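Since this is a predicted model, take the numbers as computed values, not measurements.
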Amino acid sequence: MKFHGITLLLAVAAISSISSRTALADDKCQLSLSSSNASFGLFKQDDIVNAKKGWNQMPSREINVNVNCPESRPVALFIQGRAGEKGRFYFGESGGLAVRVSQMVVDGKSYPFAKTVDRARLTPNGESMESLLLHNNDGIVAVENEATVSGKNLSFTMKLTPVLNDRQFSFSTDITALESDLMWEVLTQQ
């Protein structure tokens, strides 16, 4: 098993940065993100994209995620962060952050995603889909014929969507920084 982590800090009203722990050895996979900033800026009620039962979906940000390995191998990515009991990521103290992945490409070919809980064999768990909503500790793999795909270069799009409750807009003169810390863990098989 090989491990790489990347920490993604999302902040409102502040610039955030992405830092990675990369391997020094040539034989390890490298994880990279298309943007070193994941700032949403200031939110206003006018920015609400969709509202339902006191919850307000705000504009999303997309980040491209790439994993490059020196040789072809099965790869799984697991996401962790501060979350509630149902595994939904927090955004600030009372908001949420939806994390959706789509457009999986391995070695130039598109594949659907499947979730996995298997950190040893990286076995797909459940149906494969073109897009998945992720919760804390979810793992993802590219699949073909219900098996994990091997490859040297893997990429996908991660869509981050803040969801704020009505109370977060009640103090219009306050500026509050909302954050969510996420970490990607890359596991491979030899």
Spell out, yes or no, whether [X] and [Y] are grouped together once hydrophobic residues are joined by side-chain heavy atoms under 4.5 Å, including indirect joins.
X: Phe113; Y: Leu33; value: yes
X: Val163; Y: Phe89; value: no
X: Met104; Y: Met129; value: yes

For [X] and [Y], which heavy atoms make the closest approach, and how far apart are they?
X: Val67; Y: Cys29; result: CG1-CB, 4.0 Å
X: Trp184; Y: Leu31; result: CB-CD2, 3.9 Å
X: Gly81; Y: Leu182; result: CA-CD2, 4.3 Å
X: Ala51; Y: Asn56; result: CB-OD1, 3.5 Å
X: Glu71; Y: Lys152; result: C-CG, 3.4 Å
X: Asp107; Y: Ser150; result: OD2-O, 4.3 Å

Pair Gln189-Arg73, side-chain contact (heavy atoms from CB on, under 4.5 Å): steps then yes or no: CA-CA 6 Å; Gln189 279 185 324; Arg73 57 182 68 171; 5.7 Å; no
Asn66 and Asn153 side chains, donor-acceptor separation under 3.5 Å: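 Judged by distance alone, the side chains do not pair up.
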Side-chain donor-acceptor contact under 3.5 Å, Thr157 with Asn64: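 Result is yes, a qualifying pair exists.
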[X] side chain near [Y] side chain, heavy-atom distance below 4.5 Å:
X: Pro124; Y: Thr116; value: no
X: Ile63; Y: Leu160; value: yes
X: Pro74; Y: Thr188; value: no
X: Cys69; Y: Val75; value: yes
X: Pro59; Y: Phe40; value: no
X: Leu132; Y: Leu134; value: yes
X: Ile79; Y: Val99; value: yes
X: Phe78; Y: Asn137; value: no

Test side-chain hydrogen bond (donor to acceptor under 3.5 Å, both in side chains) applied to Ser60 and Thr161, step by step: CA-CA 4 Å; Ser60 300; Thr161 306; 2.5 Å; yes
Could you grab the distance from atom [atom1] of [X] to atom [atom2] of [Y], nearest 0.5 Å is fine?
X: Leu122; Y: Ile140; atom1: CG; atom2: CD1; value: 12.0 Å
X: Arg100; Y: Phe156; atom1: CZ; atom2: CZ; value: 13.5 Å
X: Leu97; Y: Glu179; atom1: CG; atom2: CD; value: 12.0 Å
X: Phe43; Y: Gln168; atom1: CZ; atom2: CD; value: 9.5 Å
X: Thr123; Y: Glu146; atom1: OG1; atom2: CD; value: 12.0 Å
X: Phe91; Y: Arg82; atom1: CZ; atom2: CZ; value: 11.5 Å

All pairs passing salt bridge (Lys or Arg N to Asp or Glu O under 4.0 Å) where residues 123-140 contributes a residue, at least two apart: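 Sorted pair list: Lys115-Asp138.
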Qualifying salt bridge (Lys or Arg N to Asp or Glu O under 4.0 Å) pairs with a residue from residues 52-68, counting only residues at least two apart or across chains: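 Salt bridge (Lys or Arg N to Asp or Glu O under 4.0 Å) check on residues 52-68 returns no pairs.
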Name of the residue among Val141, Leu187, Leu154 meeting side-chain contact (heavy atoms from CB on, under 4.5 Å) with Leu77: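 The single option meeting the side-chain contact (heavy atoms from CB on, under 4.5 Å) with Leu77 is Leu154.
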Expected output: side-chain Asn145 to main-chain Ala147 donor-acceptor under 3.5 Å: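 Absent.
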Tyr111/Lys109 under side-chain contact (heavy atoms from CB on, under 4.5 Å): CA gap, chis, key distance, verdict: CA-CA 7 Å; Tyr111 291 96; Lys109 183 178 176 190; 3.3 Å; yes
